[in-house]
**Q** 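Before I ask anything, let me first share the structure, which is written out below as structure tokens.
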Amino acid sequence: MNIFKDLFNIVKEEIEHLSGAGELPGGLDLAGVLVEPPRDPSHGDMATNAAMVLAKRAGKAPRDIATLLAGRLGARDGIAAVDVAGPGFINLRLSPAYWQTALARIIASGERYGAFDLGKGQKVNVEYVSANPTGPLHVGHARGTVFGDVLAALLERMGYVVTREYYVNDAGAQVDTLARSVYQRYLEALGRELGPDAFDEGYPGDYLVPVGQALAREHGEKFADAPESEWFETFRAFAVESMLSLIRDDLDALGVHHDLFSSEKKLVEDGQVQNTFIDFQSRDLIYEGVLEPPKGKPPPDDWEPRPQNLFRATSFGDEVDRPLKKSDGSWTYFATDIAYHRDKFERGFHDMIDVWGADHGGYVKRMKAAVSAVSSDKAKLDVKLCNMVKLTQGGKPVAMSKRSGQFVTLRDVVDEVGKDVVRFIMLTRKNDAPLEFDLARVVEQSKDNPVFYVQYAHARIRSVLRRAEAEMPGLVAGDFPANVNLSVLTDAAELDLIKSMCGWPRAIDSAVSSHEPHRLAFYLQELAAAFHLLWNKGNEDHALRFIIAENDQVTAARLALIGAVAQVISLGLGIFAVQPVEEMR
RNA sequence: GCGCCCGUAGCUCAGUAGGAUAGAGCACCAGAUUCCUAAUCUGGGGGUCGCAGGUUCGAAUCCUGCCGGGCGCGCCA
């Protein structure tokens, strides 16, 4: 059920008819022909640019084509009026019966409304969160976490087979630092005095205290005076495992569950990075060269030109060729990440989406270049950058400092306002725009708060349905709402509400094809607004109230109408994994 | 210096696979409640879509150049 596609097909049929009749050339390319609601509602319910798009291809003036086409379209069922406007727009006005039928079809679609098999079973890999396993998640992580999770759900609903993946950076210097910080906590747990510089360049957060204590319980004094080489591996492994478990708990609190955690360390140990390197060598994608220092910026203190193995990233659209090994011979982060994406490709993913923080923006080109290289251009990578979250409380910034180890954790925020609120608010801005998250405002019960506004519409509908059941028993029983006569829905506000619901497949389509789930949040706010409007008309004019005690037929039709609205809201919230509320008192 | 992102109403932001007179919320002003939740709704004022060119039937949207802001720029991830 998608009225835009239906109407497009009608336009297409009539163009073909005109071709058949010799009025237009045959075999016209319809690319670019759109049927969409005009920006200005006074132009009608729907408009098509067909005449203007086809003018050149058909060798006729746009207004002439429009007039021909308008004559045909006016005879079609459901189209009440047609007019040609401006440079050649064809505006369509649809009859109440058309909208009533549309509502019946929305109701019949049920939970499948708006879903269609766009993906056709194609595999998509969505990598998100991928925070370093060095501590709990903070609020900033929530953005990409929710974004990735909802995008995955959206793709799944549209027929893709989605794998949700978390890349664990457990091989670099940061987890080495983590191990040393944990060692300090271990000493502390044994009653040793910590030096003032114990956590210099390390992780001073309290969350490592229990990790040190657990190691003290298990190993006692065994490693207290031992050289680093004796305890390092043990401590690092334990620390990483502890942090991952912490992170999994945080994700769980947000309702996020990945299908796969991929370990960077394992990738290295299994030789996959080495294999990638050899593969590149064999394809002449690696050469010995010297990298120039970055221009316009003082070079790093220890800069020295050094011949090294460089990956020909510039052959795949990057700006410079990139080193894969550090001077100590270990792999760069980029090298392991290439191997990781190669691994994804070999697992059958030709469609990859990475969700990163905006501060990694400078990394996009080289990663896309890498994916091109490892897949010989068979796979494509879309990188979605999530901008920062500004946490505020009543408009005042909440201080966050990672260095001091005092930062607001994701868990703190979820505990304070609830996971549903966090999930919804994170999608109320486009991913690449900064987002303000105000702890006070997001729990406010007012129109300022989009979560509330949408939830309130749902709660109001559920409340009306409950009351109707109590006051007019039997009305919503049996075949309801399939058996309802919807032709009594004729008020402009009622029809507007149906029109708004007809926009759902369009909203979901644009959200999935642009990989921008925030569009659904905006849609839901618009749908809620159309509903609240109708509700208030009932306050002014009793004849428009949903429950008319002495008129079963009208009541049933209106209940079917708002029941469908509740259904669409709950579908939208369902993609967000937000629970629609039954009442708000 | 180079690359990426951004610049839309007083504020916060939608809208950018080109569509008609550019939207919403907040704030401001004026209204609506014997009645399904006024936690809502209605109306009003408010704009050189950063600037300047270009592409065409048509540009906030595409191209070029500037201006302004953010992020990034071997051996962190």
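The structure displayed is predicted, hence computed values, not measured ones. By convention in this document, chain letters (A, B, ...) are assigned in the order of the sequence lines, proteins followed by strands, and residues within each chain are numbered from 1. All heavy atoms count here, side chains included; hydrogens, waters and symmetry mates do not.
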**Q** Can you give me the dot-bracket string for RNA chain B, 5' to 3', counting Watson-Crick and G-U wobble pairs with both distances under 3.5 Å, using [ ] for crossing pairs and | for partners on another strand?
**A** (((((((..((((.....[...)))).(((((.......))))).....(((((..]....))))))))))))....

**Q** Does A:Ala529 offer a backbone N or O that forms a donor-acceptor pair with the side chain of A:His532 under 3.5 Å?
**A** no

**Q** Whole angstrom is fine here: how far is it from CD in A:Glu540 over to C1' in B:U40?
**A** 11 Å

**Q** Please confirm whether A:Phe147 and A:His518 have ring centers closer than 6.0 angstrom.
**A** no

**Q** If the C1' atom of B:U48 is compared with that of B:U42, how far apart are they to the nearest Å?
**A** 32 Å

**Q** Classify the nucleic acid contact of A:Ser327 as base, sugar-phosphate or nothing, counting any heavy atom under 4.0 Å across all strands shown.
**A** base

**Q** Ring of A:Phe89 versus six-membered ring of B:A20: centres under 5.5 Å and planes under 30°?
**A** yes

**Q** Report which part of the nucleic acid A:Ala173 touches: base, sugar-phosphate, or nothing (heavy-atom distance under 4.0 Å, all strands).
**A** sugar-phosphate

**Q** What integer number of Å spans the C1' atoms of B:C62 and B:U55?
**A** 8 Å

**Q** Please state the C1' separation for the pair B:G68 and B:G50 - nearest whole angstrom.
**A** 7 Å

**Q** I'd like to know if A:Lys344 pairs up with A:Glu127 as an ion pair, taking the criterion as any Lys NZ or Arg NE/NH1/NH2 lying under 4.0 Å from an Asp or Glu carboxylate oxygen.
**A** yes

**Q** What nucleotide, of B:U37, B:A77, B:G3, holds the atom closest to the side chain of A:Glu319?
**A** B:G3

**Q** Of the options B:G15, B:G19, B:A77, whose atoms approach the side-chain atoms of A:Asn132 most closely?
**A** B:A77

**Q** Nearest to the A:Ser463 side chain among B:G19, B:U37, B:C13, which nucleotide is it?
**A** B:U37

**Q** Any pair with a residue in residues 44-54 of chain A that passes side chain to side chain donor-acceptor pair (under 3.5 Å), sequence neighbours left out, goes on the list, sorted by first then second residue, please.
**A** A:Asp45-A:Lys499

**Q** Provide, to the nearest angstrom, the distance between the CD atom belonging to A:Glu516 and the P atom belonging to B:A14.
**A** 10 Å

**Q** Distance between the C1' atoms of B:A60 and B:A14, in whole angstroms?
**A** 12 Å

**Q** If we take the P atom in both B:C13 and B:C6, what is their distance in whole Å?
**A** 14 Å

**Q** Taking the nucleotide of RNA chain B with the nearest heavy atom to each, does A:Lys365 or A:Val464 sit closer to the 5' end?
**A** A:Lys365

**Q** Base, sugar-phosphate or nothing for A:Gln308? Non-hydrogen atoms, less than 4.0 Å.
**A** base

**Q** Can you tell me which nucleotide in B:A20, B:U37, B:C75 comes closest to the side chain of A:Trp535?
**A** B:U37

**Q** Ignoring the backbone of A:Lys56, work out which of B:A20, B:G74, B:U56 is nearest its side chain.
**A** B:U56

**Q** With heavy atoms under 4.0 Å as the rule, sort A:Lys430 into base, sugar-phosphate or nothing.
**A** base

**Q** Once you round it to whole Å, what is the distance between P of B:C41 and OH of A:Tyr453?
**A** 4 Å

**Q** Give A:Ala468 one of three labels, base, sugar-phosphate or nothing, depending on what nucleic acid heavy atoms sit under 4.0 Å from its own.
**A** nothing

**Q** Counting the atoms with a prime plus P, OP1 and OP2 as sugar-phosphate, which does A:Gly538 contact under 4.0 Å by heavy atoms, base, sugar-phosphate, or nothing?
**A** base

**Q** Could you tell me how far B:U8 sits from B:G69 if I compare only their P atoms? Round to whole Å.
**A** 14 Å

**Q** Can you find a side-chain donor-acceptor pair between A:Tyr523 and A:Arg519 that sits under 3.5 Å?
**A** no

**Q** Looking for any heavy atom pair under 4.0 Å, which part of the strands does A:Glu583 touch: base, sugar-phosphate only, or nothing?
**A** base

**Q** Does the base of B:A77 carry an N or O that pairs as donor and acceptor with the side chain of A:His360 under 3.5 Å?
**A** yes

**Q** Parallel, tilted or perpendicular, judged at 30° and 60°: which one describes the rings of A:Phe546 and A:Phe531?
**A** parallel

**Q** With a 3.5 Å distance limit and no angle check, can you tell me whether A:Ser500 reaches the backbone of A:Asp496 through a side-chain donor-acceptor pair?
**A** no

**Q** By a 5.5 angstrom centroid cut-off and a 30 degree plane limit, is there stacking between A:Phe546 and B:C36?
**A** yes

**Q** Determine the contact category for A:Arg545: base if any of its heavy atoms lies under 4.0 Å from a base atom, sugar-phosphate if only primed atoms, P, OP1 or OP2 are that close, otherwise nothing.
**A** base

**Q** When we call it a touch if two heavy atoms are under 4.0 Å apart, what does A:Met584 touch: a base, just sugar-phosphate, or nothing?
**A** base

**Q** In whole Å, I'd like the distance from the CZ atom of A:Arg322 to the P atom of B:C76.
**A** 15 Å

**Q** Indicate, with a heavy-atom threshold strictly under 4.0 Å, whether A:Pro434 touches base, sugar-phosphate, or nothing.
**A** sugar-phosphate

**Q** Quickly work out the A:Arg466 CZ to B:U37 C1' distance and round it to whole Å.
**A** 10 Å

**Q** One thing to verify: whether A:Asp354 and A:Lys384 come together as a salt bridge, which I'm taking to mean a side-chain N less than 4.0 angstrom from a carboxylate O.
**A** no

**Q** Tell me which nucleotide among B:U37, B:G19, B:A77 gets nearest to the side chain of A:Pro87.
**A** B:G19

**Q** Within the structure shown, what part of the strands sits under 4.0 Å from A:Arg519 by heavy-atom distance: base, sugar-phosphate, or nothing?
**A** sugar-phosphate

**Q** Determine the interplanar angle of the A:His258 and A:Tyr166 rings, folded into 0 to 90°, and report it as parallel if under 30°, tilted if 30 to 60°, perpendicular if over 60°.
**A** perpendicular

**Q** Take the protein atom CG of A:Asp359 and the nucleotide atom C1' of B:G70, then report the distance between them rounded to whole Å.
**A** 11 Å

**Q** With side-chain hydrogen bond (donor to acceptor under 3.5 Å, both in side chains) as the criterion, how do A:Gln174 and A:Tyr333 come out once you've worked through the C-alpha distance, each side chain's angles and the decisive distance to 0.1 Å?
**A** CA-CA 11 Å; A:Gln174 302 198 356; A:Tyr333 174 75; over 6 Å; no

**Q** Identify which nucleotide among B:A14, B:C41, B:A77 has an atom closest to any side-chain atom of A:Leu533, counting heavy atoms from C-beta outward.
**A** B:C41

**Q** Grab the CG-C1' distance between A:Asn309 and B:C75 for me, whole Å please.
**A** 14 Å

**Q** How would you label the contact of A:Asn91 with the nucleic acid (heavy atoms, under 4.0 Å): base, sugar-phosphate, or nothing?
**A** base

**Q** Distance check, C1' atoms only: B:C2 and B:G47, in whole angstrom units.
**A** 35 Å

**Q** So what does A:Ala433 touch, heavy atoms closer than 4.0 Å: a base, only the sugar-phosphate, or nothing?
**A** sugar-phosphate

**Q** The side chain of A:Asn536 is closest to which nucleotide in this list: B:A32, B:C36, B:A14?
**A** B:A32

**Q** At under 4.0 Å between heavy atoms, what does A:Asn539 touch on the DNA or RNA strands: base, sugar-phosphate, or nothing?
**A** base

**Q** Any sub-3.5 Å donor-acceptor pair from A:Arg466's side-chain atoms to A:Glu582's backbone N or O?
**A** yes

**Q** Expressed as a whole number of angstroms, how long is the span from A:His532:NE2 to B:U33:C1'?
**A** 16 Å

